Amino acid sequence: MKCHDAQLMIVGFIEQRLTDQQLEAFIDHIAGCQDCYDELEVYYMITTGLRQLDEDHTGTLDLKKNLRDFIAEQRRELYARKRTVSRNRRLSAAGIICILGIIIFLGQIFLTSEEGIHSIEDLKMAVENTVQKCWFIQEETSELIENQIDPVECRRNFESRHPLIPPYFSDLKLTVPERRNILEIEKER
């Protein structure tokens with residue numbers, strides 16, 4: 001920003017009429033340009049002094065300190081507004097991603113359901129089937145849902161079909177045959 005542009009914005013700054021972009025550029029400029037800061041100081045003292053005379057304000061005033069406080073306050077408010085806008089954008093993006101995920105998930109359910117979905121119960125069953133397919137990575141999930149197998153039993157069933165994942169152990173140094181032996185011991189219990 002040039003000094004001429006900054007000096008044109010002084011009155012707007014004092015009256016708090018600048019946009020966020022203008023305010024940010026103005027504050028950055030007066031922080032680095034002593035001439036423009038001095039010009040702002042003069043305008044601020046005149047306008048604030050006249051306003052306080054009209055209000056019959058008594059006592060001594062440190063107008064230079066008031067100006068520094070006013071600039072700091074404007075900077076804090078600008079930062080808070082920018083943070084709010086950024087947070088709102090991120091929340092909006094996250095919301096859109098969630099909605100798209102739900103739409104894709106439901107679209108996949110409607111397209112891959114073997115029978116038509118005509119009621120809420122049909123939709124619930126299709127969702128359960130899809131979740132089971134994703135969890136077990138197999139096609140026989142409708143039998144598991146119809147038989148209402150216990151969740152612990154479902155997990156054991158999954159672990160027995162996929163022996164590379166140790167069922168209750170974090171020791172990944174076991175070989176595949178040793179894991180199978182452990183699974184057989186678990187089945188015997």
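Because only heavy atoms are used, hydrogens play no part in the values below, and waters and symmetry mates are left out as well, while side chains stay in. On a predicted model such as this, the values are computed, not experimentally measured, just so you know.
- By the side chain to side chain donor-acceptor pair (under 3.5 Å) test, Lys2 is found to be paired with no residue, residues two or more places apart in sequence or in another chain being considered.
- Tyr37 and Met45 are assigned to two separate hydrophobic clusters, defined by single-linkage of ILVMFWY side chains at heavy-atom distances under 4.5 Å.
- Proximity of Met1 to Cys33: side-chain heavy atoms (C-beta onward) are nowhere separated by under 4.5 Å.
- Under the side-chain contact (heavy atoms from CB on, under 4.5 Å) criterion, Tyr43 pairs with Ile10, Val11, Ile14, Glu39, sequence neighbours left out.
- Here the shortest heavy-atom pairing between Ile30 and Cys36 reads CG2-CB, 4.3 Å.
- In this structure, Leu8 stands alone, with no Ile, Leu, Val, Met, Phe, Trp or Tyr side-chain heavy atom under 4.5 Å from its own, directly or through other members.
- Here the side chain of Gln7 pairs no donor or acceptor atom with the backbone of His4 at under 3.5 angstrom.
- Contacts of Arg68 classified as salt bridge (Lys or Arg N to Asp or Glu O under 4.0 Å), with partners at least two apart in sequence or in another chain: none.
- Scored by the salt bridge (Lys or Arg N to Asp or Glu O under 4.0 Å) test, Glu73 finds no partners at all (sequence neighbours excluded).
- Checked against salt bridge (Lys or Arg N to Asp or Glu O under 4.0 Å), Lys82 has the following partners two or more places apart in sequence or in another chain: Glu24.
- Scored by the side-chain contact (heavy atoms from CB on, under 4.5 Å) test, Asp20 finds Leu78, Arg81 as partners (sequence neighbours excluded).
- To the nearest 0.5 Å, the span separating CD on Glu41 from CG on Asn66 amounts to 11.5 Å.
- Legend: residues meeting side chain to side chain donor-acceptor pair (under 3.5 Å) with Gln34, ordered by chain and number and at least two apart, are Asp38.
- Taking the side-chain contact (heavy atoms from CB on, under 4.5 Å) definition, one finds that Ser92 meets it with nothing, sequence neighbours left out.
- For Asp69, the side chain to side chain donor-acceptor pair (under 3.5 Å) partners at least two apart in sequence or on another chain are Lys65.
- Ile99 and Ile96 fall into different hydrophobic clusters, defined by Ile, Leu, Val, Met, Phe, Trp and Tyr side-chain heavy atoms under 4.5 Å apart, directly or through other members.
- Take Phe70 and apply the ring-ring contact (aromatic ring centres under 6.0 Å, His included) test, not counting sequence neighbours, and it matches Phe13, Tyr44.
- Interatomic distance, CG of Leu91 versus OG of Ser86, reported as 9.5 Å (0.5 Å rounding).
- Rounding to the nearest 0.5 angstrom, the gap separating the CD1 atom in Ile97 from the CD1 atom in Ile102 is 12.5 Å.
- Summarising the geometry, atom CD1 belonging to Ile27 is positioned 12.0 Å from atom CD belonging to Gln22; distances are rounded to the nearest 0.5 Å.
- For Arg83, the side-chain contact (heavy atoms from CB on, under 4.5 Å) partners are Tyr79, Arg87, not counting sequence neighbours.
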